[in-house]
Amino acid sequence: MKHSPETHSFFEDVFEVVRLIPKGRVTSYGAIAKYLGSKGSSRMVGWAMNAAHSQMPPVPAQRVVNRNGLLTGKHHFESPTAMQELLEAEGVKVVKEQVQDFKKVFWDPSEELL
DNA sequence: TTCCTGACTCCAG
DNA sequence: CCTGGAGCCAGGA
């Protein structure tokens, strides 16, 4: 980032929204991107998650999955099972990288966060 | 500087 | 049902 001060805000906003996800709930990259006004930038949300691990306070990146409730980002955690274990510890059931009852635990910032 | 990649999603065929 | 292409944009080579 050479001349984009707004980029910093985008990443910061992503972290902030992710930290607002209630325990036991999950959301999607696209939902966050949409809430932040960059509808087509769902990939950037995932990109931001790459830096999430070093953020303070910690960012619960395990609560962000893709639009199908699939744990596509699990390989970016310390271990391949870390993401699933973290979610299950919060009450979210996961079977084979797929969040169960995804529709019920889904948390949309555009609707819930006003 | 250009080119390529990626924790995504939508739409067409 | 499955596959491919386009849009998106920050960073590294």
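Below, chains carry the letters A, B, ... as their sequence lines are ordered, and counting in each starts from 1. Note that the coordinates shown come from a computational prediction; the quantities given were computed from them, not determined experimentally. Reckoned from all heavy atoms, side chains included, excluding hydrogens, waters and symmetry mates.
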Novice: Name every residue in residues 46-54 of chain A that has at least one heavy atom under 4.0 Å from any atom of DNA chain B, in order of residue number, or write none if there are no such residues.
Specialist: A:G46, A:W47, A:M49, A:N50, A:H53
Novice: Rounded to whole angstroms, how far apart are CZ on A:R43 and P on C:dA10?
Specialist: 13 Å
Novice: Is there a residue in residues 73-96 of chain A whose heavy atoms reach under 4.0 Å of DNA chain B, and which residues are they?
Specialist: A:G73, A:H76, A:F77
Novice: Taking only N/O atoms, report every protein-nucleotides 9-13 of chain B pair under 3.5 Å with atom names and distance.
Specialist:
residue : atom : partner : partner atom : Å
B:dT9   : OP1  : A:G30   : N            : 3.4
B:dT9   : OP1  : A:R67   : N            : 3.0
B:dT9   : OP2  : A:R67   : N            : 2.8
B:dC10  : OP2  : A:R67   : NE           : 3.3

Novice: Using a 4.0 Å cut-off on heavy atoms, which residues in residues 99-114 of chain A reach DNA chain B? List them by number, or say none.
Specialist: none
Novice: Taking the same atom, P, in B:dA7 and in C:dC2, what whole-Å distance lies between them?
Specialist: 22 Å
Novice: Within this structure, what is the CG-to-C1' distance between A:L71 and B:dC8, rounded to whole angstrom?
Specialist: 15 Å
Novice: Say you draw a straight line from NZ of A:K103 to CZ of A:F106; how long is it, rounded to the nearest 0.5 Å?
Specialist: 11.5 Å
Novice: Charged N to carboxylate O below 4.0 Å: is that the case for A:K93 and A:E88?
Specialist: no
Novice: Does A:A61 reach a base, just sugar-phosphate, or nothing at all? Heavy atoms under 4.0 Å.
Specialist: base
Novice: Tell me: CZ of A:F10 to C1' of B:dC8, nearest whole Å?
Specialist: 11 Å
Novice: Report the nucleotide, chosen from C:dG11, C:dC9, B:dG6, that has the shortest atom-to-atom distance to any side-chain atom of A:S41.
Specialist: C:dC9
Novice: Give the rounded distance in Å between these two atoms: CG of A:L36 and P of C:dA10.
Specialist: 14 Å
Novice: Map every base of DNA chain C to its dot-bracket character, where paired means a Watson-Crick or G-U wobble contact with both distances under 3.5 Å and | marks a partner outside the strand.
Specialist: .||||||.|||||
Novice: Give me each pair satisfying side chain to side chain donor-acceptor pair (under 3.5 Å) with a member in residues 54-63 of chain A, each pair once, sequence neighbours excluded.
Specialist: A:Q62-A:E90, A:R63-A:E90
Novice: How long is the line joining CE of A:M44 and C1' of B:dG6, in whole Å?
Specialist: 7 Å
